[in-house]
Amino acid sequence: MRFLISMTDVEDEWDGLPAEERERVAGRHADFQAALGERFIACYGLRPSDEAATVRLHADGALSLEKGLATPSKEPVGGFYLIEADSIEEAIEWAKRGRFRPGPNEVRQLRED
């Protein structure tokens, strides 16, 4: 089964962190990916939320474009991992191991049907 681990961040926090902390987190990501081994599918960080665009289809069929996130948050998704796991419980254990700064990781199984 495949799972998405969404990693949220406090907006604009990364740029204000000391270089040593950024290096520590980068090292933790490298270690985490190595530990995942063949379970690892992909990992990406996201650009800042103020660069996001939201396209919305309305009930009347009209489309609108809005600058920013569909659901504004002080802790937007900052990146994600796609992993293979045998169960949601296993994916949750990986999400626990993959939290490197204060904040939440969300685990969701991908639909594969």
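For the single chain, residues carry numbers from 1 onward in sequence order.
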Point to revise | Results of salt bridge (Lys or Arg N to Asp or Glu O under 4.0 Å) for Arg22 - residues two or more places apart only | key: none

Exercise for review: Could you pull out all residues at least two apart from Arg99 that satisfy salt bridge (Lys or Arg N to Asp or Glu O under 4.0 Å)?
Suggested key: none

Tell me the closest heavy-atom pair linking [X] and [Y], and the distance in Å.
X	Y	result
Ala95	Asn105	O-ND2, 3.0 Å
Ser6	Phe80	CA-CB, 4.3 Å
Ala91	Ala85	N-CB, 3.9 Å
Gly68	Thr54	O-OG1, 2.7 Å

Review point. Taking atom NZ of Lys74 and atom OG of Ser49, what is their separation to the nearest 0.5 Å?
Key: 11.0 Å

Practice item. Find the distance between CE (Met1) and CG (Leu110) and round it off to the nearest 0.5 Å. Key: 11.5 Å

Check your understanding: Are Leu69 and Met7 connected, step by step, through hydrophobic side chains (Ile, Leu, Val, Met, Phe, Trp, Tyr) whose heavy atoms are closer than 4.5 Å?
Key -> no

Study note, to complete from the structure: Hits for side chain to side chain contact (heavy atoms under 4.5 Å, CB included) against Ala35, two or more places apart or cross-chain, chain-then-number order -> Trp94, Arg97

Point to revise | Qualifying residues under side chain to side chain contact (heavy atoms under 4.5 Å, CB included), relative to Leu63, sequence neighbours excluded | key: Val55, Leu57

Show every salt bridge (charged side-chain N to carboxylate O under 4.0 Å, His left out) that has at least one partner inside [range], sequence neighbours left out.
range	value
residues 1-10	Arg2-Glu84
residues 44-57	Arg47-Glu51, Arg56-Glu66
residues 36-46	Arg39-Glu90

Review point. Can you tell me if Thr8 uses its side chain to pair, donor with acceptor, with the backbone of Pro104 under 3.5 Å?
Key: yes

Point to revise | Identified side-chain contact (heavy atoms from CB on, under 4.5 Å) counterpart of Ile83 within the set Ile41, Ile5, Leu4 | key: Ile5

Exercise for review: Indicate yes or no: at least one non-hydrogen side-chain atom of Val77 is less than 4.5 angstrom from one of Leu46.
Suggested key: yes

Check your understanding: Does some side-chain heavy atom of Glu13 sit less than 4.5 Å from a side-chain heavy atom of Arg101?
Key -> yes

Exercise for review: Take Cys43 and Gln33, measure what side chain to side chain contact (heavy atoms under 4.5 Å, CB included) needs, and give me the verdict at the end.
Suggested key: CA-CA 9 Å; Cys43 171; Gln33 288 177 26; 3.9 Å; yes

According to side-chain hydrogen bond (donor to acceptor under 3.5 Å, both in side chains), who are the partners of [X], at least two apart in sequence or on a separate chain?
X	value
Arg111	none
Ser73	none
Glu112	none
Glu75	none

Pairs of donor and acceptor atoms involving the side chains of residues 23-32, under 3.5 Å and at least two apart or interchain, shall be tabulated with distances.
{"unit_1": "Arg24", "atom_1": "NE", "unit_2": "Glu21", "atom_2": "OE1", "d": "2.9"}
{"unit_1": "Arg24", "atom_1": "NE", "unit_2": "Glu21", "atom_2": "OE2", "d": "3.4"}
{"unit_1": "Arg24", "atom_1": "NH2", "unit_2": "Glu21", "atom_2": "OE2", "d": "2.9"}
{"unit_1": "Arg24", "atom_1": "NH2", "unit_2": "Phe100", "atom_2": "O", "d": "2.8"}
{"unit_1": "His29", "atom_1": "ND1", "unit_2": "Tyr81", "atom_2": "OH", "d": "2.7"}

